[in-house]
Participant: 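Mind looking over this structure? Questions follow.
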Amino acid sequence: MSTRILLIAHAPLATALRDCALHVFPECASELIAIDVPAHEAPEDTLKAAQQLLGQSLDENTLVLTDVFGATPSNIAKRLVEGVQSRLIAGVNLPMLLRSVCYRHEPLDVLTQRALSGGAQGVMQVACDNTSVSS
């Protein structure tokens, strides 16, 4: 059984991340859900729309990825996972998502650790300009 992955982020980030993941893993479209949180919408309205999209509640095997801890999407995601044996990670980036999709068949606890390591390992300094600027 595959873990369902829910992206909930400031619009249009969730949809953009989903599109990127589907470019690499098109077969996971049914297991990857994106909810963009519009800036002008009340959090309660977004929560209701998310609950309708998800069938009122998350199932037990869902990894929820959100962008900024403490921001509206994160707060909505936290309310969605209350009382459910799912996992919620804030700070989503594309390496984290790709790692999650790649290993979505693993148990949720293992997948959560893979997502966290994928997100952290995907952030690195690639180049450095060692020249100093003179005035």
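FYI, side chains are in, hydrogens and waters are out, and symmetry mates aren't considered; it's all heavy atoms of this structure. Just so you know, residue 1 is the first one in the sequence shown, and it goes up from there.
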Participant: Taking atom CG of Leu97 and atom SG of Cys102, what is their separation to the nearest 0.5 Å?
Facilitator: 11.0 Å
Participant: Nearest 0.5 Å, please: how far is CG in Leu6 from CG in Leu88?
Facilitator: 9.0 Å
Participant: CG/Asp67 to OG1/Thr72 distance, rounded to the nearest 0.5 angstrom?
Facilitator: 9.5 Å
Participant: Give the minimum heavy-atom separation between Ala21 and Leu98, together with the two atoms involved.
Facilitator: CA-CD2, 3.9 Å
Participant: Can a side-chain donor-acceptor contact be found between Arg99 and Ser117 if the only test is distance below 3.5 angstrom?
Facilitator: yes
Participant: Grab the two heavy atoms, one from Ala77 and one from Ile8, that are nearest each other, plus how far apart they are.
Facilitator: CB-CG2, 3.5 Å
Participant: For the residue pair Gly70 and Asn75, what are the closest heavy atoms and their distance?
Facilitator: O-ND2, 3.2 Å
Participant: Ignoring hydrogens, what is the shortest heavy-atom contact between Ser86 and Leu108? Give both atom names and the distance.
Facilitator: CA-CD2, 3.9 Å
Participant: Just how far is it from atom CG of Leu116 to atom CD of Gln121, taken to the nearest 0.5 Å?
Facilitator: 10.5 Å
Participant: Looking only at heavy atoms, what is the nearest atom pair of Thr66 and Ser74, with distance?
Facilitator: OG1-N, 3.4 Å
Participant: Shortest non-hydrogen contact from Leu80 to Ala50?
Facilitator: CD1-CB, 4.0 Å
Participant: Glu31 and salt bridge (Lys or Arg N to Asp or Glu O under 4.0 Å): which single residue from Arg104, Arg4, Arg18 fits?
Facilitator: Arg104
Participant: Can you tell me how far CG of Leu63 sits from CG of Leu111, rounded to the nearest 0.5 angstrom?
Facilitator: 5.0 Å
Participant: Just to verify, which of Asp109, Thr62, Asn61, Thr3 counts as forming a side-chain hydrogen bond (donor to acceptor under 3.5 Å, both in side chains) with Arg87?
Facilitator: Asp109
Participant: Can you tell me how far the CG atom of Leu22 sits from the CG atom of Leu32, to the nearest 0.5 Å?
Facilitator: 5.5 Å
Participant: More than 12 heavy atoms of other residues, nucleotides or ligands under 6.0 Å from CD of Gln85: yes or no?
Facilitator: no
Participant: A side-chain contact here means heavy atoms from C-beta on lying under 4.5 Å apart; do Ile89 and Met96 qualify?
Facilitator: yes
